[in-house]
Asks: 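Structure in structure tokens, see below.
Residue numbers begin at 1 in each chain, while the letters A, B, ... track the order of the sequences.
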Amino acid sequence: MIRDQAQAWATEQAPVAAFRRMRDAGVANRFEPATWESMVEMGWTGILVPETYGGSDLGYLTFGVVLEQLGRQLTASPLYASALVGASAVLLGGSDAQKEALLPKVVDGSEILTLAVDEGPRHTPGTMATAAEADGDGYRITGRKAQVLEGMSATAFIVAANGPNGIGLFLVPADASGVSRTALSTVDNRGYAHVDLVDVRVGGDAHLGDADVLEAVLDRARAGLGAEMLGVASQAFDMTLDYLKTREQFGRVIGSFQALGHRAADLYSQMELARSCAEAALMAVDAGAEDTAELCSLSKAKVGDFLHEMSNQLIQIHGGIGMTDEFDAGLYLKRARALEPLWGNQAFHRDRYARLLGF
Amino acid sequence: MIRDQAQAWATEQAPVAAFRRMRDAGVANRFEPATWESMVEMGWTGILVPETYGGSDLGYLTFGVVLEQLGRQLTASPLYASALVGASAVLLGGSDAQKEALLPKVVDGSEILTLAVDEGPRHTPGTMATAAEADGDGYRITGRKAQVLEGMSATAFIVAANGPNGIGLFLVPADASGVSRTALSTVDNRGYAHVDLVDVRVGGDAHLGDADVLEAVLDRARAGLGAEMLGVASQAFDMTLDYLKTREQFGRVIGSFQALGHRAADLYSQMELARSCAEAALMAVDAGAEDTAELCSLSKAKVGDFLHEMSNQLIQIHGGIGMTDEFDAGLYLKRARALEPLWGNQAFHRDRYARLLGF
Amino acid sequence: MSDALEAFRAEARAWVEENFPPSLAGKGMGMEGELDGDTKADFELWRARLGEKGWGAPTWPQEYGGAGLSHPQAKVVSEEISRVGGLNPIPALAGMGITMVGPTLLEYGTDDQKARHLPATARGEVRWCLGLSEPNAGSDLASLATKAEDKGDYFQLNGQKIWTSGADISHWCGALVRTDPSAPKHKGISFVMLPMDQEGVETRPIRLISGASPFCETFFNDARAEKSDLLGDLNDGWSVVKRLLQHERQSQTSAGSPMASAKSKAIQDVAKEYAGTDDSGALADGDLRSRLVNHLMDARSHSLTVRRITAEAKGQVKVSAAASILKNSATRISQTKSELTLEIMGAQGLGWEGAEFTAEEKNTVREWLWGKAISIYGGSFEVQKNIISKNILGLPETTQKG
Amino acid sequence: MSDALEAFRAEARAWVEENFPPSLAGKGMGMEGELDGDTKADFELWRARLGEKGWGAPTWPQEYGGAGLSHPQAKVVSEEISRVGGLNPIPALAGMGITMVGPTLLEYGTDDQKARHLPATARGEVRWCLGLSEPNAGSDLASLATKAEDKGDYFQLNGQKIWTSGADISHWCGALVRTDPSAPKHKGISFVMLPMDQEGVETRPIRLISGASPFCETFFNDARAEKSDLLGDLNDGWSVVKRLLQHERQSQTSAGSPMASAKSKAIQDVAKEYAGTDDSGALADGDLRSRLVNHLMDARSHSLTVRRITAEAKGQVKVSAAASILKNSATRISQTKSELTLEIMGAQGLGWEGAEFTAEEKNTVREWLWGKAISIYGGSFEVQKNIISKNILGLPETTQKG
């Protein structure tokens, strides 16, 4: 089973200790090339890709299983940005020729895609300043995209811009003339970059669909991120439970204090409820269900709430040791908070859920 | 001190058992005339009224002390509606002649005033359908006022209506031609009525000020209600603490279970914080402070939150016995919820507080 | 959905369409008393047909009055009945019989006991109550004091039970009694069944804050329970009751309120009606909107969890450990829904009686008060958290069980 | 406000206007290291003037370096310094000296001890750290293992302390040590003071998740503490430390973050800047707005409570019981503020380094991480709740102290 494979690989080959080493070494792209190569070898880059393009077409629920295990170890790589988000855009918005050109390279890791939507600190996919003007048989794109995930290592950006038919997606090679990028140093040490586009010329075949495709891609991105966040939170829960069972104070393990036992029970309940949401969103995407949008917002919001609470409790229950950089708790807290605003925070998705339900 | 007097009188002369008897007997106006007479005798109807009009002019903080003690026993009477809310309207919006005519009667209890503002289930003092058209030297008022406190026993209504200068307040005798009222049976067994006004003619001296006066009266009403609600909640807290100290399970008093001890600590903290808000609002009114509006919204919201939580915990911690009508917990829960929407619930005041702070 | 299940659905649908009296469509629960002439006869007819079909307790074996259906099939049956606006009245008519006593009898009962008790229960003809709690014991069931003395053929019961649901209208009672006073607290307890219609049993309804009296105090004064109605082994009643309570928790995990009618309005629609919307169609009260959507998300995540756990437990007989989570979650959701509905209705949400309040408004108040009981009966929040902490998470037992 | 206090304010204002170097206006805390030439000299001048005036520890007696002011007067002093955009640097320079060690010394110290230690502390010339916690003890202070052996004139200390704030830059340390290993846990503990600049003391900074290292591990290897620096009675150190911690709680009840600069932007203005407003001027993110106003109400109710308790305690020396409430409340408010600010700043609220993030953004992240410590040092939430439950509410002690 892929879960066992992912779990074994992540804990043995890419554990949180590896992430810490990578952080302390200041690796530029914020991931180890060897880690990324292993993932490609194991075929994870092809989980969503149809067999005709060299993938295994196992679907989003399976991808979620892998992302959950990677989330548990904070494993850094462009897997999510490229093989889930990027591949989804090509699958949903690409022509056969585009799929033929891009997907095999996503699978073999030679192409790293990433989605570039937001332009400021908050997620506002409905409005943007970046413009893609018709220019001969292609487009000329100008704008600035903020906090682009794996923005430094990407070989191509899937840029959301105001095109001739309203908002659309456009494929922009990272080495196109007029593209520049600035690496960011963020609290969670993941790879982000601001990307500037000045009069970037792309061909007519760069167009990857319009606003409806963007929304569908975003929902897939949210469902996938929900799985990763569930992994981060589950590991935080396990670390906390373990601590409750082993740490002694006043001559007894602290998990025997009723207040802490009840808190653990609350967190466990939240975790089970969050897991149901995360899995339901992935399954809805796989099934093309009518309520996919609702469930993706539900997943991002409920897993987000749980991760927020769980990461704070991880620190709080561990006390002083949780505050030290030497211990891993801080890494989980930082990652937890960094994932919150990505593709809309809980408030964004509560608002969206209410709108989808008509109030 | 008036606190000791109020406490002694309420616990001995008008305890919650008296409220229960009154409820079970189905007293029409929802209070006992004898209770009301005692309050008049003790001078509580004159707490806000200047000495020239037969009162003691002790201010809102003092009135709050009395209301808190009455809240503790759920003592039913028109004291709050008439001597705090009604008197405030006359004091803030009345001419000398109006004060002369009304205030001595409020003090001696022969006049029972009440404020009639809302027209539907929710508090919306900024918009109303009731109209007061200029008619000769007076006004002609038509409209329906909902859930008017002590609406059946009131001798005069202070009606908010759209007058010639926008929203204004108008004094309408209960026996004026065109006034009719319908008693309501509510969960907390307090006196409420719907009041219908059809072409009610009042004189020019019925005008008691405009929108600014209404807002100021409402803030005084909220500050006073905050004190009463604090009393209801404080009594609920005391009942709960007492139960935690005496009820045994598994061979020990339940207050020794850490989870319940911590909950009591949380509730105590909320109570102390709520008390600060309630007292600050009353003191701000007395001092004519600039931030009176903010503090009155703060009081209604924070005391409201505490009372909501405390009344639920009262039931929850008492377990089965709390669910029986024979025990008093249900009476407190019902009163707690009934006071919530009056003059704006917590959501209303959070919104208002934000607007007052400019966001 | 499998083909076999789809075929079963077609059968079920045909049967329901043929047998459900249309006069009952859209009628909620608790209507029995309010039915008149023809409708009452239709109601009785519908009950009898369901009973005969074995659909009063569809998953029980056919020989004991059930239909031997799988859980997915039983779900299909209830969906098909809902589809025509109907309800299955038998679980309510049987009191604790279908949800708790029956399943426990199936596991612990002798063949004779099953044959004597189950079929009439499955037809909705016998209503059961349970005599578990006693005054001053609270959640601490095992500290019970009701004595059962061995009188040869029968036990003679003396003592008092409290919170016996529907005792005043029940035919039979399952009671936890002390059969060995000298044994430690959890030992020496037995579970007996006895008819309520006898001289030694007296019931007194307890009036609740909602105005209803669904519970009684029940007094045993030399009441008689036959030895042949001892369920499980003598002095092993604690095992029986633990299982019984598991069945109870299982039956309480659905987030709907017990009094919710078949087709109640969505809470967000009620909110729009009372609080209005802004130009974009969003609820005008933004603070309420946030809490409302949070509640709806909680409810959705709960029902997704029920579905997930059901799917994961496919074919397992044992109750999933996660059932303990669902109990607290269902309770919180149901209580939050009531509190939010009250808030939405504002001053109109406080109606007790009279024409000035709509039936929906008055119902909201009663449901709200009634719903406070959910977190009390069947184990408090705290007891459930202790169970999760100890049984699921494996945290050490504290000296504090409360 | 009384006339006398108003007169005092006029005096204070005049003094501040005359003595505060304008070059320091608007400079926040922690700036010391970043000051250059002239400003640094001005900073030193300001410190010296404040120290001379006794305003480093204004409520201490004049003979011990204070100014003998009342609490309301001291508040006026700090208001007047704020008014010109200034800060009083002495409490920070003294480490734990002004807030904790000094007040405790005033109560428990001998005249000689007060005379030797207090004046230099009040001038900001001596920085104090506290050696209380030890590894593996957590909140359970009394289980400490650091030994102090009686060597005639002095105690010889061996053991390890952890979470000693600023130990690497402090001049003196107040340490809790075990002087009688045979006595029960809470007995046999003493409180000694010792200079940090000696061979037997070694410190090792602990790097925190915020990147800062405000705490150390501190090792005593035959460290020396004079007998004349024993504070309180031998083996009665537990009383001393309880009082010390009360002073700590008292100093932590103000809801501001320790790193907040003198004039930070109101959080609602930050929110409007990042999240925008709708046509009515309300914050566009309604969900955030609700939580933000809730936070602001909590903060307001907290500061009103501080004011109320201060007023009620007028003239009382004893710390009010309600101080325990304020600790948790202040912590929660401060942490919520950080979390909300992060949320408001969205992806920009995650900046660690570099020009792509504003100083305010990066500062928010560090403050947020640093602020997680508030609920850990000086007693966790749980410990405070135990105190409230037992000492204030009079609930029986549990066997569970955690």
Side-chain angles (χ1 to χ4, degrees), chain A residues 118 120-124 146-147 182-190 192-194 247-261 263 308 312 315-327 329-331 333-334 337-342 345-351 354, chain D residues 133 135-140 142-143 162-163 206-213 215 274-276 285-291 335 339 342-357 361-362 365-366 368-370 372-373 375-377 380-382 385-386 398-402:
Chain A
D118 291 317
R122 295 168 70 86
H123 184 55
T124 51
Q147 298 273 2
T182 315
L184 300 179
S185 165
T186 59
V187 69
D188 69 331
N189 210 59
R190 197 165 182 153
Y192 295 95
H194 287 338
R247 165 76 174 173
E248 291 192 14
Q249 245 184 45
F250 304 103
R252 45 195 303 179
V253 299
I254 61 173
S256 70
F257 299 139
Q258 197 186 34
L260 290 177
R263 197 168 322 150
H308 189 103
N312 277 340
I315 296 286
Q316 176 66 28
I317 291 176
H318 276 82
I321 192 174
M323 287 297 297
T324 63
D325 185 66
E326 202 183 340
F327 191 71
L331 302 178
L333 175 71
K334 291 167 177 176
R337 219 52 95 252
L339 295 177
E340 237 172 275
L342 195 54
N345 64 12
Q346 292 93 296
F348 177 94
H349 287 289
R350 279 194 288 269
D351 176 67
Chain D
S133 302
N136 299 318
S139 315
D140 184 9
S143 71
I162 198 165
W163 308 119
I206 302 169
R207 186 179 158 86
L208 293 190
I209 56 178
S210 63
S213 299
F215 300 111
Y274 281 82
D285 182 339
D287 188 282
L288 170 65
R289 180 173 183 261
S290 279
R291 287 176 289 120
Q335 292 184 344
E339 292 280 5
L342 266 201
E343 177 182 339
I344 287 165
M345 292 180 170
Q348 287 297 111
L350 303 167
W352 190 246
E353 287 169 343
E356 300 296 320
F357 301 99
E361 286 164 352
K362 284 177 285 190
V365 174
R366 307 283 171 144
W368 162 66
L369 290 167
W370 167 252
K372 297 297 180 204
S375 50
I376 291 164
Y377 74 85
S380 68
F381 281 120
E382 287 70 34
K385 288 186 194 176
N386 285 346
T398 73
T399 53
Q400 307 200 351
K401 299 186 181 151

Asks: Where is the tightest heavy-atom contact between A:P121 and D:Y274, given as atom of each residue plus distance?
Replies: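 So the minimum-distance heavy-atom pair works out to CG-CD2, 3.7 Å.
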Asks: Considering only heavy atoms and a distance below 4.5 Å, find which of D:K362, D:E356, D:E361 pairs most often with chain A.
Replies: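 Maximum pair count with chain A is reached by D:E356.
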Asks: Considering only heavy atoms, which portion of A:R337 lies under 4.5 Å from any heavy atom of chain D: side chain, backbone, both, or neither?
Replies: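 Contact with chain D involves both backbone and side-chain atoms of A:R337.
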Asks: Checking heavy atoms, do the side chain of A:R263, its backbone, both or neither come under 4.5 Å from chain D?
Replies: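 For A:R263, side-chain heavy atoms alone lie under 4.5 Å from chain D.
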Asks: Is chain D contacted by the side chain of A:L342, its backbone, both, or neither, given a heavy-atom distance below 4.5 Å?
Replies: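 Neither part; nothing is under 4.5 Å.
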Asks: For A:H123, is it the side chain, the backbone, both or neither that has a heavy atom under 4.5 Å from a heavy atom of chain D?
Replies: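 For A:H123, neither part sits under 4.5 Å from chain D.
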Asks: Against chain D, label A:D351 side chain, backbone, both or neither, depending on which of its atoms sit under 4.5 Å from a heavy atom there.
Replies: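 Answer is neither: A:D351 stays 4.5 Å or more from chain D.
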Asks: For D:W163 versus A:I321, what's the shortest heavy-atom pair and its separation?
Replies: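 That would be CZ2-N, 3.7 Å.
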Asks: Under 4.5 Å heavy-atom distance to chain D, tell me which part of A:T324 shows up: side chain, backbone, both or neither.
Replies: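 When you check distances to chain D, atoms from both the backbone and side chain of A:T324 fall under 4.5 Å.
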Asks: Could you go through D:L342 and A:E340, starting from their C-alpha distance and side-chain angles, then the distance that decides it, and tell me whether this counts as side chain to side chain contact (heavy atoms under 4.5 Å, CB included)?
Replies: CA-CA 10 Å; D:L342 266 201; A:E340 237 172 275; over 6 Å; no
Asks: Spell out, as yes or no, whether a donor-acceptor pair under 3.5 Å connects the side chain of A:K334 to the backbone of D:I209.
Replies: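 Yes, because the side chain of A:K334 sits within donor-acceptor range (under 3.5 Å) of the backbone of D:I209.
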Asks: Distance alone, cut at 3.5 Å: any donor-acceptor contact between the side chains of A:N312 and D:Q335?
Replies: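 No.
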Asks: Who wins among A:A347, A:A354, A:A329 for the most heavy-atom pairs under 4.5 Å with chain D?
Replies: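 Top count of heavy-atom pairs under 4.5 Å with chain D: A:A347.
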Asks: Does D:L350 form a side chain to side chain contact (heavy atoms under 4.5 Å, CB included) with A:Q147? I'd like the steps, not just the answer.
Replies: CA-CA 10 Å; D:L350 303 167; A:Q147 298 273 2; 5.5 Å; no
